[in-house]
Amino acid sequence: MRYALSLTIAGTLLAQGCSALWLLPQARNFIYIVPDGFGPASQTMARDYVSLLQNGENPKAPVSMQLPADRMVIGNVRTQASDNLVTDSAAAATAFGCGVKTYNNAIAVDDDGQPVGSILEAAKGEGFKTGLVVTSTINHATPACYAAHVADRNSYEKIAEHEIGYSHPLGPQVDVLLGGGRCYFKPKSDPTSCRKDDIDLFGYAKGKGYRVMQDRKAFDELKKGTAKAADLPYIGLFNDDQMMYEIDRKLQPEKEPSLLEMVETALTSLDRATKWSFRGYFLMIEASRIDHAGHSNDPVGHLHEVIMYNDVMKFVREWIDKHPDTMMLSAADHECGGLTLNGFNPLPLKDATMTTEHAERLWKAYNGTDRTAYLKSTILPGYGLGNLNDTEVNTIISNNNLASDLSSRISKKAGVNWSTGGHTASDITLYGYGSGWRGGNLKADMAGNWDNTEIPGYIEGILKVKMSKVTEKLRKAGSAWVGKRDLNSHGHLHEH
Ligand SMILES: *[C@@H]1O[C@H](CO)[C@@H](O)[C@H](O)[C@H]1NC(C)=O
Ligand SMILES: *[C@@H]1O[C@H](CO)[C@@H](O)[C@H](O)[C@H]1NC(C)=O
Ligand SMILES: *[C@@H]1O[C@H](CO)[C@@H](O)[C@H](O)[C@H]1NC(C)=O
Ligand SMILES: [Zn+2]
């Protein structure tokens with residue numbers, strides 16, 4: 001009898017133990033990385049470039065190195081939207097951020113314009129800390145889908161309000177916001193504002209306890225996330241518009257931090273803030289501007305943004321090795337530019353020290369009297385085209401279309417072709433990393449081909465959170481607050 005009783009108790013304990021284990025999160029922290037507009041050929045371009053530089057620059061020598069992301073390939077992802085085989089970033093991020101297939105332009109709302117909860121909001125609701133670190137404007141489509149809900153991605157002012165909690169039904173959801181888009185957080189009385197109203201979102205954020213940073217100097221006070229100043233929550237926006245492309249940022253590093261610096265800071269402060277709690281953090285990182293360079297068909301910008309993405313992947317992998325209760329997945333939202341590498345030799349790209357965006361900025365700012373001389377002495381060599389002859393220089397002047405003239409000339413030199421200035425339907429690569437048994441589980445669970453909507457369900461299982469709980473709460477607030485769908489607009493397939 002006693003024996004039987006103890007057996008029963010043991011059995012119950014065992015059963016409970018197992019179910020308790022089942023309910024336990026597999027990891028405390030999850031990092032999701034989006035290289036926006038990054039297709040398979042983007043990685044090939046960067047890998048061949050880096051390995052040729054390391055290989056005596058001989059295009060005929062065999063090359064077989066891996067970039068950091070290459071070491072973490074686990075599958076690939078289908079990307080189509082509900083209304084188009086070619087997705088935009090909004091429908092894509094609603095898919096991998098909220099698990100719902102929707103129309104191009106939709107920011108975390110479904111096909112019926114009803115709000116859907118994101119994985120970030122689900123984590124926040126369960127006591128996790130959360131972060132968004134991007135190089136686009138913070139209210140651009142990808143970060144928006146994690147903490148805003150609007151029927152039309154162009155509602156940038158509304159998205160900024162949601163992201164900081166000003167008009168989000170659940171209040172502030174994001175503890176760390178780093179990126180561009182500063183002008184949307186300033187009232188229209190400020191000459192650098194891009195709002196049409198007097199709402200002062202930086203002021204609101206301060207009232208909610210956020211530290212507000214608007215330049216690199218304030219960012220440096222966080223001391224890579226180790227300083228008291230890096231206590232959560234904080235928002236740092238370093239450019240009124242998109243942040244600078246990495247290669248352009250390097251020309252004036254005192255102006256803005258790099259994506260890598262922001263990632264290190266965010267991770268260190270999120271880690272400090274959750275050190276003693278059962279719940280960790282969810283962080284979304286976006287290498288946003290790979291896409292923008294794809295839209296401009298600018299191989300120089302594209303290349304250096306992809307290299308930065310790989311630098312971030314390397315940093316995060318090493319971070320996870322030191323913090324093994326953390327897991328990571330990474331996948332683009334879609335390919336951009338229809339990049340192909342026929343007649344490929346990336347070496348001509350090495351002479352470029354700026355993107356076409358920066359070249360155009362200089363060109364517009366030039367106020368001297370000899371534009372041709374300026375083009376020859378500064379712009380062309382800066383973009384790696386220092387040896388054009390006078391006929392070609394004059395053609396560029398008379399075309400009056402500097403950015404596209406530059407990018408098409410260097411693309412030709414490097415044997416790079418673009419089939420579009422928009423997105424394509426191509427599948428994109430899925431990367432992931434976990435340390436030890438977690439890495440083994442991640443590969444066993446996620447190897448293969450996925451629809452983009454299936455991604456966040458995996459993260460739900462790891463962290464033991466539920467997006468449907470958030471959806472339910474959001475819908476209690478009705479749906480008028482998400483605004484109306486613009487039926488004449490089909491997403492930014494040909495813009496950013
Ligand atoms: C011309 O450009 C230079 C260099 O950007 C600048 O310092 C200067 O103020 C400009 N001059 C005028 C008259 O705009
Ligand atoms: C300038 O370069 C173009 C393209 O390489 C070539 O076709 C043209 O003949 C050159 N013109 C002169 C005057 O050298
Ligand atoms: C692609 O690149 C090759 C080699 O530079 C060039 O001859 C061809 O015209 C390009 N095709 C397109 C569609 O731009
Ligand atoms: Zn795009």
Side-chain angles (χ1 to χ4, degrees), residues 34-39 42 79-81 84 86-96 104-107 134-137 139-145 153-154 242 245 251-252 255 286-298 301-302 305-306 309 331-339 348 354 357-380 382 385-399 405-406 408-413 418-426 428 452 489-496:
V34 183
D36 195 306
F38 163 93
S42 309
T79 67
Q80 68 201 55
N84 197 316
V86 180
T87 190
D88 78 340
S89 295
T94 302
F96 60 74
N104 281 338
N105 263 340
I107 301 291
V134 305
T135 48
S136 62
T137 55
N139 48 353
H140 216 252
T142 306
C145 290
R153 63 180 282 167
N154 297 302
Q242 323 289 352
Y245 282 111
L251 300 171
Q252 35 194 340
K255 286 218 168 140
E286 186 192 32
S288 317
R289 305 209 65 197
I290 297 170
D291 181 65
H292 301 175
H295 284 287
S296 319
N297 291 358
D298 176 0
H302 199 72
E305 295 302 294
V306 170
Y309 164 62
D333 44 1
H334 49 70
E335 198 270 354
C336 181
L339 176 62
M354 61 172 81
E357 180 177 277
H358 192 67
E360 203 151 62
R361 203 159 30 225
L362 293 178
W363 192 232
K364 281 198 183 118
Y366 180 72
N367 57 19
T369 50
D370 193 345
R371 294 187 79 81
T372 306
Y374 183 65
L375 186 64
K376 278 162 80 170
S377 69
T378 306
I379 304 249
L380 293 174
L385 294 169
N387 53 6
L388 298 189
N389 64 36
D390 284 347
T391 319
E392 293 170 300
V393 171
N394 290 332
T395 307
I396 292 177
I397 300 262
S398 64
N399 280 354
D405 251 349
L406 295 182
S408 64
R409 280 173 189 276
I410 209 158
S411 292
K412 203 164 206 133
K413 274 179 85 172
W418 306 88
S419 68
T420 172
H423 301 166
T424 71
S426 160
I428 43 87
N452 53 6
S489 172
H490 298 288
H492 284 215
L493 300 176
H494 296 283
E495 302 162 55
H496 293 160

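First listed ligand is number 1; within each ligand, the first listed atom is number 1.
Judged by distance alone, with hydrogens and angles left aside, the side-chain atoms of E392 form a donor-acceptor pair with the main-chain N or O of N389 at under 3.5 Å. Checked by atom type and distance alone, the side chain of T378 never pairs as donor or acceptor with a backbone atom of L375 at under 3.5 Å. In this structure, the side chain of D298 does not engage the main chain of A293 through any donor-acceptor pair within 3.5 Å.
Closer than 4.0 Å to atom 7 (O) of ligand 2 lies none of the heavy atoms of the protein. In this structure, atom 2 (O) of ligand 1 has protein heavy atoms in its sub-4.0 angstrom surroundings. Atom 10 (C) of ligand 1 lies below 4.0 Å from at least one non-hydrogen atom of the protein.
When side chains are defined from C-beta on, T137 counts as touching Q242, because their heavy atoms get closer than 4.5 Å. For the pair R153 and S89, the minimum side-chain heavy-atom distance is below 4.5 Å.
The distance from the Zn ion (ligand 4) to the nearest N/O/S atom of H334 is not under 2.8 Å. For residue H292, no N/O/S atom approaches the Zn ion (ligand 4) to within less than 2.8 Å.
Of all protein heavy atoms, the one lying nearest to atom 5 (O) of ligand 2 is E392 OE2, 3.7 Å. Of the protein's non-hydrogen atoms, N389 ND2, 3.2 Å is the one closest to atom 14 (O) of ligand 2. Protein heavy atom nearest atom 13 (C) of ligand 2, with residue, atom name and distance: T391 OG1, 3.5 Å. Closest to atom 12 (C) of ligand 1, if we only count protein heavy atoms, is N367 ND2, 3.0 Å.
When distances from the Zn ion (ligand 4) to the N, O or S atoms of D291 are compared, OD2 comes out shortest.
Between I410 and P348, the shortest heavy-atom contact is CD1-O, 4.1 Å.
Atom CG of D291 sits about 10.5 Å away from atom CD of E305, to the nearest 0.5 Å.
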